[in-house]
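Values in this document were obtained by computation on a predicted structure and should not be read as measured data. Side chains are part of it too, since the values below use all heavy atoms of this structure and drop only hydrogens, waters and symmetry mates.
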Amino acid sequence: MNKYKIFSNAKINIGLNVFQKESDGYHNIDSIMAPINLADEMDITFYSDLGDLKIECSDRNIPTDERNILYKTYKAFFEESKKEKRKIDIILKKNIPSEAGLGGGSSNAGFFLKLLNEHYGNIYNESELEELAMKIGSDVPFFIKNKTARVGGKGNKVDLVENNLKDSIILIKPLDFGVSTKEAYNSFDNLKEVKYADFNKIIKNLKEGNRIALENNIENSLEQGILETDINIKMLKMTLNSVVSGKKFFMSGSGSTYYTFVTELEKSQIETRLKTFVDNVKIIICKTIN
């Protein structure tokens, strides 16, 4: 029996460009993803006897059967490696909200896949692991590297980017609604025109640690679609802009989480304003990690 405790962290999208749907029904994307220090906890026990995966989760809304991405990861690893399935128990403590655009499930999958590979003697190198991760989900390859990166294609192109931002980040996650990825892409498909982020400028801004310039170049194609169709998101964005005037709020991924960059001086003041004037949201302060 081997026991491991691992922490699988979330990510934010610093801009997200989505392109028209391909013939296979999927969209190509272009995005900068940055890992943040908000993480789920996983206690994983490997047994020597043959068996199956058993998942326990602190969030009762998350399925613990074959629908869970951890199960998909387990299945993909053993099928691909041709190894006999062994009994594994996972106790998952969720700190990353779901339907949030923070990649919580993909992160769980990526970290579990890396651990499976390590436990069985590093069968795969990093690029092979990324290929396997792509079969599990489009955000999973990013979490194999787990460093600020420009992510393209269907999520299969992951190129590291230098990130020298020093600012903290405040996440604002609505408690009484989320956004499903499917809904976000459907809304995007109905957009008449799209504003795109300039990633060459964003990469330059991150390298220079220039947050003011960075904020002027961030766009999120999925947010543009959701703001047209989801009254809850529209009201949340309006509320955030009116409560903290002069700050810019950005949606991560397909939402429903918004984030804003804050200096050390601004941090507690803005956190207090948000907690006082914005109802039914969870406020989380974090930083990007590299």
Side-chain angles (χ1 to χ4, degrees), residues 9-22 26-37 101-103 106-107 110 126-127 130-131 133-134 137-171 181 184-185 187-189 191-227 237 241 246-255 257-263 286-290:
N9 57 266
K11 58 83 182 166
I12 56 166
N13 293 75
I14 303 176
L16 171 60
N17 290 344
V18 177
F19 304 104
Q20 294 308 310
K21 195 189 282 187
E22 300 280 312
Y26 290 93
H27 299 75
N28 282 314
I29 64 151
D30 192 5
S31 183
I32 300 286
M33 292 186 191
I36 56 174
N37 63 352
L102 300 173
S106 299
S107 171
E126 189 177 75
S127 63
E130 283 177 28
E131 267 181 57
M134 193 63 208
S138 58
D139 281 354
V140 183
F142 165 76
F143 287 104
I144 301 301
K145 282 197 169 83
N146 198 41
K147 290 182 174 171
T148 303
R150 186 172 185 171
V151 179
K154 308 250 179 341
N156 54 313
K157 296 175 187 166
V158 182
D159 298 309
L160 297 185
V161 164
E162 191 178 335
N163 178 5
N164 294 309
L165 271 193
K166 298 289 180 276
D167 300 88
S168 291
I169 295 157
I170 299 181
L171 305 175
T181 307
Y185 276 94
S187 303
F188 166 78
D189 287 334
L191 271 179
K192 297 282 181 285
E193 67 182 72
V194 186
K195 277 192 273 183
Y196 285 110
D198 185 332
F199 283 112
N200 293 326
K201 285 183 181 169
I202 286 174
I203 288 166
K204 183 173 180 281
N205 302 150
L206 285 171
K207 190 174 182 179
E208 293 167 353
N210 185 342
R211 187 251 288 184
I212 304 302
L214 173 74
E215 290 182 331
N216 292 326
N217 293 311
I218 297 173
E219 296 288 349
N220 181 332
S221 306
L222 293 182
E223 181 198 14
Q224 291 165 42
I226 294 162
L227 285 172
K237 179 94 186 256
N241 287 334
K247 286 302 290 177
K248 291 191 174 180
F249 292 89
F250 305 99
M251 180 179 276
S252 183
S254 57
T257 302
Y258 274 90
Y259 67 88
T260 186
F261 295 106
V262 288
T263 62
C286 59
K287 271 184 136 67
T288 57
I289 49 174
N290 273 311

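Going from atom CD of E162 over to atom NZ of K147 covers 12.0 Å, rounded to the nearest 0.5 Å. Between the CG atom in N220 and the OH atom in Y196 there is a gap of 11.5 Å [rounded to 0.5 Å]. I203 CD1 to I14 CD1: the interatomic distance, rounded to the nearest 0.5 Å, is 11.0 Å. In this structure, the separation between CG on N13 and CD on E223 is 11.5 Å, given to the nearest 0.5 Å. With rounding to the nearest 0.5 Å, the separation of OG1 in T148 from CG in N164 is 9.5 Å. One distance of note links CD of Q224 with NZ of K192; it measures 14.0 Å at 0.5 Å rounding.
The backbone N or O of L171 sits nowhere less than 3.5 Å from a side-chain atom of T257 that would complete a donor-acceptor pair. Remark: the backbone N or O of L160 is not paired with any side-chain donor or acceptor of K145 at under 3.5 angstrom.
Here the closest non-hydrogen pair linking G101 and K11 is O-NZ, 3.1 Å. In terms of heavy atoms, D30 sits closest to F199 at O-CE1, 3.2 Å. Annotation for L191 and G225: closest pair CD1-N, 3.7 Å, computed over non-hydrogen atoms. Residues F143 and G110 come closest through the heavy atom pair CB-CA, 4.3 Å. Residue S254 comes nearest to A184 through the heavy atom pair CB-CB, 3.6 Å, listed as atom of the first residue, atom of the second, then distance. When all heavy atoms are compared, the tightest approach of D167 to V262 is CB-O, 3.5 Å.
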Assess the residue pair N146 and N9 against the criterion (side-chain hydrogen bond (donor to acceptor under 3.5 Å, both in side chains)); give the C-alpha distance rounded to whole Å, side-chain angles, the decisive distance to 0.1 Å, and a yes or no.
CA-CA 9 Å; N146 198 41; N9 57 266; 2.9 Å; yes
Run the side-chain hydrogen bond (donor to acceptor under 3.5 Å, both in side chains) check on N216 and K248 step by step: do they pass?
CA-CA 9 Å; N216 292 326; K248 291 191 174 180; 2.8 Å; yes
Step-by-step side chain to side chain contact (heavy atoms under 4.5 Å, CB included) determination, F188 to V194
CA-CA 9 Å; F188 166 78; V194 186; 3.8 Å; yes
Walk me through whether L227 and K237 qualify under side chain to side chain contact (heavy atoms under 4.5 Å, CB included).
CA-CA 9 Å; L227 285 172; K237 179 94 186 256; 4.2 Å; yes
Should F19 and I29 be marked as a side chain to side chain contact (heavy atoms under 4.5 Å, CB included) after you check the CA-CA gap, both sets of side-chain angles, and the distance that decides it?
CA-CA 6 Å; F19 304 104; I29 64 151; 5.7 Å; no
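The shortest distance between side-chain heavy atoms of I289 and I36 does not fall below 4.5 Å. Proximity of Y185 to H27: side-chain heavy atoms (C-beta onward) are separated by under 4.5 Å at one or more points. Under the 4.5 Å side-chain criterion, counting only non-hydrogen atoms from C-beta, T263 is in contact with R211. For the pair V161/K207, no side-chain contact is recorded, criterion being any heavy-atom separation below 4.5 Å from C-beta on. Side-chain contact check for S31 versus N17: every heavy-atom pair is 4.5 Å or farther apart. Using a 4.5 Å cut-off on side-chain heavy atoms (C-beta onward), P141 and N156 make no contact. At a threshold of 4.5 Å between non-hydrogen side-chain atoms, the residues V140 and E130 do not count as touching. Between L206 and L214, the closest side-chain pair of non-hydrogen atoms falls below 4.5 Å.
In this structure, F249 has its ring center at least 6.0 angstrom away from the ring center of Y258.
Residue K201 qualifies as open at atom NZ: its count of foreign heavy atoms under 6.0 Å is 12 or below. Sparse packing is recorded around OH of Y26, with 12 or fewer heavy atoms of other residues, nucleotides or ligands lying under 6.0 Å away. Within a 6.0 Å radius of NZ in K247, other residues, nucleotides and ligands contribute more than 12 heavy atoms.
By the 4.0 Å N-to-carboxylate-O rule, R150 lies too far from D159 to be salt-bridged with it.
Among the candidates D198, N210, N217, the single residue satisfying the side-chain hydrogen bond (donor to acceptor under 3.5 Å, both in side chains) test with N205 is N217. When each of K21, K157, E22 is paired with N28, the side-chain hydrogen bond (donor to acceptor under 3.5 Å, both in side chains) condition holds for E22 and for no other.
Of the N and O atoms on the side chains of S138 and K154, not one donor lies less than 3.5 Å from an acceptor on the other residue.
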